Amino acid sequence: FDVEIEADIVGVRDGSGLIQRCPECGRVAQKGQCRTHGDVDAEDDLRVKAILDDGTGALTAILDTDLTAEVYGGDIEMAREAAKEAMDQDVVADEIRGTIVGYEARVRGNLSIDDYGANLNAESFELVEADPVARAESLLAEVTR
């Protein structure tokens with residue numbers, strides 16, 4: 001389903017930031033190992049798996065390379081350099097967490113539900129500059145009608 005959601009970002013899942021993919025099938029490779037193709041020369045990629053909650057439920061929004069680069073503020077090469085400098089690949093995911101967790105976002109994309117829950121493959125992602133007081137007053141006005 002094509003949906004748009006406005007929700008709070010409550011976390012960023014493991015497997016976000018600078019990741020490696022199998023050059024043959026595009027699946028995530030762990031330590032140069034693809035589940036399907038075994039030992040591979042994995043290619044770097046960027047991804048965010050953000051947990052969003054709108055008060056009625058939660059889902060995982062998956063941001064592709066381009067959207068992740070926008071959120072991160074840099075491309076794959078910049079992420080490689082940051083990971084190399086810190087000698088820790090998780091530094092990219094940590095930077096992204098610090099940028100988006102606790103904020104509200106508007107995300108549009110294709111929603112699917114499987115055994116692992118609801119996943120939204122994002123086509124657009126933007127942080128919402130919301131005034132919390134105005135938002136609370138609006139919600140109260142709706143409830144008291």
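This one's a predicted model, so the numbers in the text were calculated from it and none came from an experiment.
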Exercise. Does some side-chain heavy atom of Glu24 sit less than 4.5 Å from a side-chain heavy atom of Cys34?
Worked result: no
Problem set entry | Side chains of Val128 and Glu6 in contact at under 4.5 Å (non-hydrogen atoms) | yes
Exercise. Between the side chains of Arg13 and Thr60, does any donor sit under 3.5 Å from an acceptor?
Worked result: yes
For this session: Please round to the nearest 0.5 Å and tell me the distance separating atom OG1 of Thr65 and atom CG of Asp45.
Result: 3.5 Å
Exercise. Does a sphere of radius 6.0 Å around CG in Asp41 hold more than 12 heavy atoms from other residues, nucleotides or ligands, not counting ones at 6.0 Å or beyond?
Worked result: no
Exercise. Between Phe1 and Leu52, is there a shared hydrophobic cluster once you connect ILVMFWY residues whose side-chain heavy atoms come closer than 4.5 Å?
Worked result: yes
For this session: Give the minimum heavy-atom separation between Ala79 and Tyr72, together with the two atoms involved.
Result: CA-OH, 3.8 Å
For this session: Please examine the side chains of Asp8 and Asp54, heavy atoms only from C-beta on, and report whether any two atoms are closer than 4.5 Å.
Result: no
N/O donor-acceptor pairs under 3.5 Å from side chains in residues 86-94, not counting sequence neighbours:
from: Asp88; atom 1: OD1; to: Asp90; atom 2: N; distance (Å): 3.0
from: Gln89; atom 1: NE2; to: Leu18; atom 2: O; distance (Å): 2.4
from: Gln89; atom 1: NE2; to: Gln20; atom 2: OE1; distance (Å): 3.2
from: Asp94; atom 1: OD1; to: Arg97; atom 2: NH1; distance (Å): 3.0

For this session: Any chance you could measure Leu63, atom CG, to Glu123, atom CD, to the nearest 0.5 Å?
Result: 11.5 Å
Seminar exercise, completed: Shortest non-hydrogen pair, Leu111 vs Ala118, comes out as CD1-CB, 4.1 Å
Problem set entry | Validation row: Ile51, Val12 side chains within 4.5 angstrom (heavy atoms) | no
Problem set entry | Which atom of Gly26 lies closest to which atom of Arg21, heavy atoms considered | O-NH1, 2.9 Å
For this session: Using a cut-off of 6.0 Å, state whether more than 12 heavy atoms not belonging to Gln30 lie near its atom CD.
Result: no
For this session: Would you check if Ser124 and Val107 make a side-chain contact, meaning some heavy-atom pair closer than 4.5 Å?
Result: no
Seminar exercise, completed: For Arg27 and Thr36 the tightest heavy-atom approach is NH1-OG1, 3.0 Å
For this session: Measure the CG-CD1 distance between Asp14 and Ile19 for me, rounded to the nearest 0.5 Å.
Result: 12.5 Å
Problem set entry | pair Phe125-Leu120: side-chain heavy atoms closer than 4.5 Å | no
For this session: Using the rule that two of Ile, Leu, Val, Met, Phe, Trp, Tyr join whenever any of their side-chain heavy atoms come within less than 4.5 Å, decide whether Ile62 and Leu67 are in one cluster.
Result: no
Exercise. Salt bridge check: are Asp64 and Arg47 linked by an N-O gap of less than 4.0 Å?
Worked result: no
Exercise. Listed by chain and number, what are the side-chain contact (heavy atoms from CB on, under 4.5 Å) partners of Glu85, not counting sequence neighbours?
Worked result: none
Exercise. Mind checking whether Val10 and Ile100 sit in one hydrophobic cluster, side chains of I, L, V, M, F, W, Y counted as touching below 4.5 Å?
Worked result: no
Exercise. Looking only at heavy atoms, which two atoms of Asp2 and Asn110 are closest? And how far apart?
Worked result: CA-OD1, 4.1 Å
Exercise. Any side-chain heavy atom of Val101 sitting closer than 4.5 Å to one from Ile96?
Worked result: no
Seminar exercise, completed: One should read off an interatomic distance between Glu126 CD and Tyr103 OH, to the nearest 0.5 angstrom, of 15.5 Å
Exercise. Between Asn119 and Ser112, do the side chains contain an N or O donor and an N or O acceptor separated by less than 3.5 Å?
Worked result: no
Exercise. Should Val71 and Ile76 be counted in the same cluster of Ile, Leu, Val, Met, Phe, Trp and Tyr side chains packed under 4.5 Å apart?
Worked result: yes
Exercise. Does some side-chain heavy atom of Ile5 sit less than 4.5 Å from a side-chain heavy atom of Arg106?
Worked result: no
Exercise. For the residue pair Val40 and Ala29, what are the closest heavy atoms and their distance?
Worked result: CG2-CB, 4.3 Å
For this session: Please answer: with hydrophobic residues joined when any side-chain heavy atoms are less than 4.5 Å apart, are Leu59 and Ile9 in the same cluster?
Result: yes
Problem set entry | Asp114 atom CG: more than 12 heavy-atom contacts under 6.0 Å | yes
